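Comments concern the structure below.
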Amino acid sequence: MRRKLVAGNWKMNGSADSIRKLLQGIREGAAGVAAVDLAVFPPFVYLGLVEQQLSGAPVAWGTQNLSEHGSGAYTGEVAGSMLLDFHCTYVLVGHSERRTLYGETDDLVARKFAVARKLGIKPILCVGETLDEREQGVTEAVVGRQLKAVLTLEGIGAFIDAVIAYEPVWAIGTGRTATSQQAQDVHAFIRAQLAAIDPAVASQTRILYGGSMKAANAGELLSMSDIDGGLIGGASLDAKEFLAIAEAGG
Ligand code: PEP
């Protein structure tokens, strides 16, 4: 039985003040959604604040990116070992904004995934097609290629502890959500890709949906058999809304 995970990607939003309030709200309400795992992904500079405010709360945290390098002359980058200093459980790799705005390739994403695993940080591998790709009918080819890059480098065993987030690019931050059936179809495809190599791993890998998920549509999405939670952007900046999404999955 896979426990659902609801994760908030705060992107480049917030201030010390607003994040303190957001964390307080999440902390207060987290006990009420005990059936679902919760995690938040703040900007790097607020990790200390997050660790301090969430310590002892049933909420994990992580970052939105990490460097593929261990240390050294990489100005502006943050190493995975530094995330361990703040007790991060998870790290996002290959978010579509990293892929499209910062040119992250399948190969680079796979290397970041490998670095995280080596350090004992659980990677959340983000995959998904653009609107153009969906309209051309190549959704499975794109998602399959993104997945294969990690499978080739790390092998199926890498997915025992990892999480996959299917995020159609056309649904991120647009208010346009995939229908529950559209999402389920791609989730089932992803699980089938894993199952073709190792059915036991496939049955335990959590696959989250991301793309304009909110309390109003979460119940339907989270009721689908292969949707094991959500990666939430905009709606995760409001503690009540974020917790309501988690409640819908409980
Ligand atoms: C995301 O950034 O991962 C995301 C799903 O954003 P939103 O919920 O705002 O579409």
Side-chain angles (χ1 to χ4, degrees), residues 4-14 18-19 22 25-26 36-44 46 50 59-66 88-104 109 112-113 116 122-131 133-134 139 142-143 146-147 162-180 182-184 186-187 190 206-222 224 226-249:
K4 287 201 167 46
L5 168 64
V6 170
N9 173 15
W10 296 350
K11 310 196 188 196
M12 198 176 72
N13 291 299
S18 72
I19 285 175
L22 177 55
I26 293 173
V36 173
D37 289 341
L38 296 173
V40 295
F41 293 81
F44 287 118
Y46 298 120
V50 168
V59 184
W61 57 90
T63 58
Q64 303 163 20
N65 186 26
L66 84 168
C88 289
T89 302
Y90 298 103
V91 61
L92 303 183
V93 296
H95 188 280
S96 70
E97 285 150 20
R98 300 295 317 167
R99 292 179 190 262
T100 54
L101 302 174
Y102 301 98
E104 293 198 4
V109 171
K112 289 186 174 195
F113 184 102
K122 294 181 178 132
I124 299 183
L125 172 68
C126 303
V127 297
E129 82 289 1
T130 62
L131 184 57
E133 289 164 340
R134 174 159 283 265
T139 297
V142 170
V143 170
Q146 292 169 335
L147 196 57
V163 177
I164 297 171
Y166 167 58
E167 300 204 295
V169 179
W170 47 272
I172 297 181
T174 59
R176 185 177 165 186
T177 319
T179 64
S180 49
Q182 280 174 322
Q184 166 60 28
V186 181
H187 283 232
I190 292 171
R206 291 192 284 189
I207 308 175
L208 316 184
Y209 167 78
S212 299
M213 200 195 259
K214 41 189 182 288
N217 58 28
E220 203 187 324
L221 285 158
L222 295 173
M224 304 307 279
D226 286 296
I227 301 185
D228 307 315
L231 180 55
I232 323 297
S236 71
L237 297 169
D238 179 315
K240 276 207 177 97
E241 182 77 10
F242 180 62
L243 292 165
I245 293 170
E247 226 166 276

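Just so you know, these numbers come straight off a predicted model, no measurement behind them. Ligands are counted one by one from 1 in listed order, and the atoms in each one are counted from 1 as well.
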Quick one: which ligand 1 atoms are inside 4.0 Å of a heavy atom on [X]?
| X | value |
| --- | --- |
| G234 | 7 (P), 8 (O), 9 (O) |
| L231 | 3 (O), 5 (C) |
| S212 | 7 (P), 8 (O), 10 (O) |
| E167 | 1 (C), 3 (O), 4 (C), 5 (C) |
| G173 | 7 (P), 9 (O), 10 (O) |
| G211 | 5 (C), 10 (O) |
| A171 | 10 (O) |

_side-chain contact (heavy atoms from CB on, under 4.5 Å) for V6 and M213? Distances and angles first, verdict last._
CA-CA 11 Å; V6 170; M213 200 195 259; over 6 Å; no

*asked:* Using side-chain heavy atoms (C-beta onward) and a distance below 4.5 Å, is M224 in contact with H187?
replied: no

*Can you find an N or O of T174 that's nearer than 3.5 Å to an N or O of ligand 1?*
no

*Determine whether more than 12 heavy atoms belonging to other residues, nucleotides or ligands lie under 6.0 Å from atom CD of E220.*
no

*Would you call K214 a ligand 1 contact, heavy-atom distance under 4.0 Å?*
no

*Does at least one non-hydrogen atom of S236 fall below 4.0 angstrom from an atom of ligand 1?*
no

*From the options I227, V143, L231, select the one residue that forms a side chain to side chain contact (heavy atoms under 4.5 Å, CB included) with Y166.*
V143

*What protein heavy atom sits nearest atom 1 (C) of ligand 1, and how far off is it?*
H95 NE2, 3.3 Å

_Shortest protein contact, atom 8 (O) of ligand 1 (heavy atom only)_ = G233 N, 2.8 Å

*Okay, side chain of T177, backbone of S212: is any donor-acceptor separation there less than 3.5 Å?*
yes

*asked:* When you measure from the side chain of D228 to the backbone of I207, do you find a donor-acceptor pair of N or O atoms at a distance under 3.5 Å?
replied: yes

*Have a look at ligand 1 and work out which part of N9, if any, has a heavy atom under 4.0 Å from it: side chain, backbone, both or neither.*
side chain

_Test log, rule side-chain contact (heavy atoms from CB on, under 4.5 Å), inputs V109 and R99_ = CA-CA 8 Å; V109 171; R99 292 179 190 262; 3.8 Å; yes

*Stepwise, does the side-chain contact (heavy atoms from CB on, under 4.5 Å) test hold for V186 with V127?*
CA-CA 10 Å; V186 181; V127 297; over 6 Å; no

*Derivation of the side chain to side chain donor-acceptor pair (under 3.5 Å) call for E167 and S96*: CA-CA 8 Å; E167 300 204 295; S96 70; 5.4 Å; no

